[in-house]
Structure formats: structure tokens, C-alpha cells
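Report on one structure; see the data block that follows.
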2 protein chains.
Amino acid sequence: MSDGPTITTIAQRAGVSIASVSRVLNGLPTKAETERRVMSAARELGYVPNSVARSLKSRRSNQLGFAMADIGNPVYLAMIREIQPLLRAAGYRLVLHSTNADAADEIDVLRGLGERYIDGLIMIPLRVTGEHLKMFAAARAPIVVIGSVPEGTPVDNVRADSRAGVRLAVEHLHGLGRRRIGFVNGPLDTVPGAARSAAYAEAVRAAGLPYDADLVEVGDFYRADGARATARLLERVPDVDALLCANDLIALGALDVLRREGRRVPQDVAVAGMDDTDLATLAWPPLTSVSLGSAERGRAAAELLLDRLGEGERAPRVVTVEPRLITRASTIGEETP
Amino acid sequence: MSDGPTITTIAQRAGVSIASVSRVLNGLPTKAETERRVMSAARELGYVPNSVARSLKSRRSNQLGFAMADIGNPVYLAMIREIQPLLRAAGYRLVLHSTNADAADEIDVLRGLGERYIDGLIMIPLRVTGEHLKMFAAARAPIVVIGSVPEGTPVDNVRADSRAGVRLAVEHLHGLGRRRIGFVNGPLDTVPGAARSAAYAEAVRAAGLPYDADLVEVGDFYRADGARATARLLERVPDVDALLCANDLIALGALDVLRREGRRVPQDVAVAGMDDTDLATLAWPPLTSVSLGSAERGRAAAELLLDRLGEGERAPRVVTVEPRLITRASTIGEETP
DNA sequence: AAAGCCACTGTAAACGTTTACGGAGTTAGC
DNA sequence: GCTAACTCCGTAAACGTTTACAGTGGCTTT
């Protein structure tokens with residue numbers, strides 16, 4: 001009882017060979033009598049197949065990995081919520097890796113692919129280094145990367161269109177008559193940070209406004225950093241009349257500071273976030289935010305991975321999810337329907 | 001290249017036996033020359049050990065499971081954030097199961113223990129059925145249950161003290177002069193729902209107030225349900241002057257409804273939640289909430305599990321985490337320091 | 001110079017499955 | 001009644017490791 005029954009145990013009890021046991025358990029054609037004996041022996045013993053042995057033989061672990069920087073981030077959470085049921089329905093278990101945005105940890109996870117404990121991986125690297133690219137190329141199992149990856153990288157790729165997203169937000173704020181539109185960004189050496197930085201400069205000019213470096217402040221992608229960055233920006237440019245924040249957490253920090261300083265949102269300063277996480281509806285005032293389709297991206301990644309596991313070799317695909325602007329009181333005030 | 005190198009490949013290239021290769025790779029004493037040859041062969045081939053084969057031999061998967069109802073719930077999230085790094089530091093991978101509060105799914109996960117793909121499990125069952133107990137007793141790997149479990153169940157157990165928590169909140173509201181304290185609960189057939197229901201009745205009486213069934217409303221543990229339940233309660237008892245909500249999501253729903261109906265918080269109705277999730281600081285006004293120590297419970301569960309994996313047989317332990325009341329503007333108003 | 005010892009290495013078995021192959025028994029065909 | 005064909009089953013090999021055991025050769029010891 002301490003060591004569970006195996007097909008050998010069943011075979012002994014049923015008086016047949018282990019091959020017959022395996023055949024019965026896998027539903028291969030067998031004489032009714034044999035099947036009956038095996039099934040009842042299995043039931044009496046409380047047999048459960050050993051998935052490790054099965055994996056060794058089949059060379060498939062039935063596990064897929066998901067690696068992201070920080071499971072506390074609601075964006076990743078939204079993705080997991082889509083991914084988990086899809087994988088589960090396809091018969092895969094989910095192995096979770098939270099890497100703290102540490103490149104070495106990410107490389108470790110990629111190395112893990114070689115250990116064969118997962119059949120594939122969905123990864124969201126915050127920064128893509130040469131090491132990453134080398135591992136992608138050498139990987140012996142399919143990888144889907146969420147976030148942009150250089151042309152020609154042999155992985156499936158799901159992208160948000162930060163550029164279009166930032167443009168939507170800037171146009172919206174400009175359309176509301178705002179002319180001093182600040183931008184509170186995350187680190188410039190991250191994939192989203194860099195993309196959004198370039199997109200902001202472009203969008204501002206496209207709206208016919210001058211690009212003013214003083215209007216841009218950089219912190220990290222968390223609430224407290226957002227608050228600090230916003231405070232610096234307000235001190236430098238007191239007459240700012242709108243703030244675009246590179247994600248919702250930063251925007252929450254911005255709201256904290258504006259409230260503390262007694263500036264009214266949106267009358268004095270309109271605020272918009274990005275990612276349209278659940279937080280946006282919780283904030284006060286509710287936060288206008290650019291949805292970059294977190295759930296859709298998660299779903300797309302899972303579908304790409306499952307698809308490739310089914311099909312085997314195939315040219316890498318790129319899926320781009322379109323952004324949408326969700327307007328709420330933090331920019332348009334209470335007149336919400 | 002399509003099929004990775006194994007120790008056999010290395011053995012051939014290095015001109016030694018697979019036993020020697022294994023010994024070198026595991027750091028057992030070997031002649032320097034042999035070690036050199038094996039190591040360089042391994043490096044040239046880009047060898048990565050196959051963890052499945054290793055698991056089969058060692059009978060350990062180096063994976064631990066975490067099963068909860070819904071990964072979107074911030075309480076579970078807070079737990080995972082504690083659990084994941086601890087397990088990782090101890091050399092275990094985390095396999096995630098989101099069961100949608102479906103008892104059959106939970107049983108499936110428990111059956112999975114027999115498949116040996118995890119060495120242990122942390123589980124948060126919303127309801128504990130006889131089937132659960134049977135599986136707990138028959139399990140061939142250690143289980144830690146977060147949430148109460150009957151006396152004598154052979155699993156380690158981490159509990160929140162709902163009773164003390166509810167009492168803290170009721171005393172707080174009573175101390176603020178509130179006399180009509182409503183209670184918005186989740187389903188009574190769940191572990192926390194039942195516990196909090198009993199605790200509310202007890203706490204109200206202990207405060208010297210009459211127990212009034214009209215003041216209690218039941219929904220589910222989500223924001224929208226909380227809003228609906230609150231609306232029903234307000235209609236039935238318009239003069240309620242405080243609301244205790246069985247979790248923060250319900251409390252957010254309550255705030256939504258109160259705002260919509262134009263009741264001021266906390267002047268007209270004081271609101272308190274439970275769990276003290278991140279949401280509490282995001283809400284407007286910031287939400288007074290009873291912390292049931294989600295992070296601590298996650299940490300305790302991980303420690304119990306790791307401990308038992310180290311020690312082997314041992315009497316089941318019960319760890320109870322003390323609640324704390326975190327007061328914020330939703331009960332005490334703006335006069336916050 | 002024979003015996004014993006030691007350090008190192010190779011052979012083979014084991015972990016629990018799946019599956020190719022061939023043998024035994026049954027039925028059918030002539 | 002003999003062969004052919006078919007059904008069912010058992011033996012054994014394989015998946016990639018780890019490890020008990022025995023073997024090899026060189027040294028030391030007497």
C-alpha cells in the first residue's frame with residue numbers, strides 16, 4: 001500500500017501478462033474475459049497509471065509552461081485566466097514560472113525545455129537579449145513569445161500594437177482639448193517601455209503638438225514608481241493638463257499623487273492608462289485605458305502553441321492584437337452613460 | 001539534432017560507459033581524465049539531462065501542485081506570490097490548477113497525486129465533501145489544505161480565523177456608533193461562507209446588538225453578486241448604517257451600489273470588507289478590511305509542505321493565522337494620517 | 001614474485017510504461 | 001484432415017536515467 005500498484009501488480013492478480021494489462025487499459029481489442037479480470041483487478045487495487053513512466057515512453061510530458069515576470073501583474077493574470085482552461089481542455093497541465101523579470105531566470109526556463117518536462121512554452125520576456133535568441137533557435141520544443149521579437153526568430157509571436165494604442169490615447173486626449181500631454185513611462189530598456197516611448201513621440205507629432213522632452217518621465221511599471229515619476233513630472237511642468245501612463249499601475253500611482261496635490265481629475269488633469277486591467281474599473285475616478293487585449297493575447301498564444309503541437313513543423317506565425325480605447329471618467333468626466 | 005543527446009551519446013563520443021558519464025555528471029569521484037572527456041563531450045553536444053527519466057528512477061517529480069478555485073481571485077494570487085518563490089528556492093516547479101470551484105475538478109486533481117507527476121499538493125477546496133476526505137486519506141503524497149478541515153483528517157492544515165476576524169470588524173463598526181450592521185455573505189455551503197455566517201451572528205450578539213436575519217444577505221463571492229445582494233439588502237432595510245462584506249470583491253460591489261444610490265461612505269453607511277486584498281487600497285473610498293493573512297497562509301502552507309517532504313511521516317499539523325483589522329476611509333472617513 | 005588492496009570503470013538491472021514480434025489456439029477453406 | 005488465416009496473448013525490448021556489483025589494472029606489501 002505504501003508503494004502504489006503498477007501494471008505488474010495487476011497482471012499478477014489477474015493472472016495475465018503486463019502487455020495484456022496495458023492493452024486493456026488503453027482500450028485495445030481484447031477478449032471479454034481478460035478485460036473483465038484486468039478491469040476488476042485494477043479497480044480493487046485502486047490502480048492509477050504512472051504518468052512519469054508513460055511520459056518517458058511516449059516522449060511527451062503533457063505539460064506546458066508559462067513564464068512571465070511577475071504573477072501579481074494583472075495583465076499576466078488576465079492571460080493566465082484564458083490560457084489555463086484552453087490548455088486543460090487540450091489535456092495539458094500548466095507549469096508556472098514567475099521570473100521576477102530576471103533574464104537569467106528566463107534563460108533557466110528556456111534551458112528547462114531541454115529537460116523535457118514541458119512540451120512547449122509561452123513566454124513573456126521583458127527584455128529580449130542575444131542569449132534569448134540563441135536559446136529560441138536551439139529550442140527543441142515549440143515556443144510562443146508574447147511581445148515583439150526580431151524578424152526571423154523561429155518562434156510563434158503574439159504582439160500588442162503599442163504604437164496604435166498610444167496613438168488612440170493621444171488622439172483622444174488631444175480631441176478633448178488637452179495640449180500639454182505628459183507621458184509617464186516604464187524602463188526604456190524593456191520591450192514595452194521602448195515601444196511606447198517611440199509611439200508617444202510619434203503620436204504627439206501626428207496630433208500637431210510639439211514634442212517636449214520635459215513632458216516625459218520614466219519610472220518602473222508599478223504603482224509606487226508611477227506616483228514618484230508623476231510627482232517629478234508635476235514639479236517640472238506644473239501646467240500639464242493630461243497624463244498618459246504606460247500601464248494602469250502607473251496610472252493608479254498618478255491618481256494617488258494628483259489627489260494628494262488637490263488636482264481634480266479630469267477637470268485639471270485628464271489621466272489615461274494602458275492595458276485596461278480590472279484595476280481601471282476599480283480606480284476612482286474610473287480610469288480611461290487603452291486595452292491591448294491581454295485576454296486575447298493569452299488566448300492567441302495558447303492557440304498558437306496547441307496548434308503547433310498538433311501540426312509539428314510550420315513557418316512561425318505572428319499574430320497582432322488590435323488595441324481599443326476604453327473611455328471612462330478619468331478623461332471624460334461623470335457624463336458617462 | 002532533432003532528438004537530443006543522451007548519456008549514451010556522450011558515452012560514445014567520450015569513449016566511456018554510460019555509468020561513468022552518469023557518475024561524472026553527478027559529481028561522483030572519477031579519474032580526472034575521464035571527467036575531462038565526459039564534460040567536454042557533454043558541452044559539445046549541448047547535453048541537458050532528461051528530467052522525466054530521472055524522475056522515473058528517483059520516484060520524485062520535483063513538482064508540487066497548487067489547486068484553487070479561481071486564479072483571478074486576489075486572495076489566491078497573494079498566496080501564489082508567496083508560494084512560488086519558496087517552492088522554487090527548494091528546487092520544485094509549480095503546477096497550477098484552477099478548478100472553477102468544481103468539486104469534480106478538485107477530485108480529479110487529487111486523483112492526479114496517484115499519477116505521480118507531483119510530489120505534493122496545496123489545495124484550497126471551497127467545499128469539503130466526503131469524497132474529498134476519502135481522497136485525503138488515500139493520498140500517496142503529502143497534502144496541505146488551506147481552509148478548515150475536520151478534526152483527524154490526515155493532512156496539514158492552514159486556517160484563517162474567520163470568527164475572530166468577523167468579531168474585529170463588528171466591534172470596530174459598533175465602536176464607531178453603528179447599530180444597524182448588515183452582513184453581505186457568500187454561499188453558505190462553502191467553507192468560508194458557513195464560518196463567516198456563524199461568526200457574524202456570534203459577534204453581533206457579543207456586541208450587545210440583537211441578531212436580525214433581515215440584516216443578512218447572501219450572494220456569491222464576486223463583485224457583481226455583491227452589488228446585487230447589497231441592493232436587495234438596502235431595499236429591505238433602508239436604515240442600515242454599516243455593511244460588513246464577506247470579502248473585498250463583495251465590498252466593491254457594495255460600494256458601487258451605495259454610490260449609485262447616492263449614499264455617502266462612511267457618513268451614511270460604513271463599509272468593511274474581508275481579506276484585505278490589493279483591491280482595498282484601490283477602492284474609493286479606500287476600504288477598511290479584515291486581513292485574514294493570505295500571504296502568511298500561503299507561506300505557511302508552502303513551509304508545511306516542504307517540511308513534510310523533508311521529514312516524511314509526522315503527525316498532521318494545524319497552523320492558524322491571526323486576523324488583523326486594517327482601518328481605512330470607508331469606515332473612519334478622511335481623517336487618515 | 002605472489003598476494004592483497006585500491007581506485008576506477010563497465011555490465012546489467014531497475015524505475016513503470018508501451019509495443020513489435022512471434023507463438024498458441026481456434027476457425028475456416030479446400 | 002491439412003493448411004491458411006485470424007485472434008488473442010506473452011516475451012522482450014525500449015524510453016533515459018541511477019546504481020549495485022563485479023571486473024581490471026596498477027601499487028604496495030610481505
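Throughout, protein chains are lettered first and strands after them, A, B, ... in sequence-line order, and every chain is numbered starting at 1.
Protein atom CG of A/N26 is 10 Å distant from nucleotide atom C1' of C/dT19, rounded to whole Å. In this structure, CZ of A/R116 is placed 14 Å from P of D/dC15, rounded to the nearest angstrom. At whole-Å resolution of the value, CZ in A/R59 and P in C/dT19 are 13 Å apart. D/dC9 atom C1' lies 14 Å from atom CD of A/E35, rounded to whole Å. C/dA20 atom C1' lies 13 Å from atom CG of A/L28, rounded to whole Å. Distance CD1 (A/I7) to P (D/dT11): 13 Å, rounded to an integer number of Å. Look at NZ on B/K31: it is 10 Å from C1' on D/dG26, rounded to the nearest Å. The separation between B/I18 atom CD1 and D/dC15 atom P is 11 Å, rounded to whole Å.
Among the nucleotides C/dT17, D/dC8, D/dG16, the one closest to the side chain of A/L56 is D/dG16. For A/T34, the side-chain atoms get nearest to D/dC9 when compared with the rest of D/dT18, D/dC9, C/dC8.
Checked by atom type and distance alone, the side chain of B/D156 pairs as donor or acceptor with a backbone atom of B/R317 at under 3.5 Å. The main-chain N or O of B/V149 is found under 3.5 Å from a side-chain atom of B/R159 such that the two form a donor-acceptor pair.
Across all strands, A/S20 comes closer than 4.0 Å only to sugar-phosphate atoms, never to a base (heavy-atom distances). Nucleic acid contact for B/T6: sugar-phosphate only, since backbone atoms but no base atoms lie under 4.0 Å from a heavy atom of the residue. B/R23 comes within 4.0 angstrom of a nucleotide base, judged by non-hydrogen atoms across all strands. Among the atoms of the strands shown, none is found under 4.0 Å from any heavy atom of B/S58. B/V52 comes within contact range of no nucleotide atom at all, as no heavy-atom separation falls under 4.0 Å. Here A/S55 lies out of heavy-atom contact (under 4.0 Å) with every strand.
Taking for each of B/A53 and B/A19 the nucleotide of DNA chain D with the nearest heavy atom, the 5'-most of the two is the partner of B/A53. Taking the nucleotide of DNA chain D with the nearest heavy atom to each of B/K57 and A/V16, the more 5' of the two is matched to A/V16.
Neither OP1 nor OP2 of D/dC15 sits under 4.0 Å from any side-chain N or O of B/N50. In terms of phosphate contacts, B/Y117 brings no side-chain nitrogen or oxygen within less than 4.0 Å of OP1 or OP2 of C/dG16. Between A/R60 and D/dC15 there is no side-chain polar atom (N or O) within less than 4.0 angstrom of OP1 or OP2.
Other residues, nucleotides and ligands contribute more than 12 heavy atoms inside 6.0 Å of the CD atom of A/E33.
Taking the side chain as every heavy atom from C-beta outward, A/Y117 and B/S61 never approach each other to under 4.5 Å. Side-chain atoms of B/V52 and A/V52, non-hydrogen and from C-beta on, do get closer than 4.5 Å to each other.
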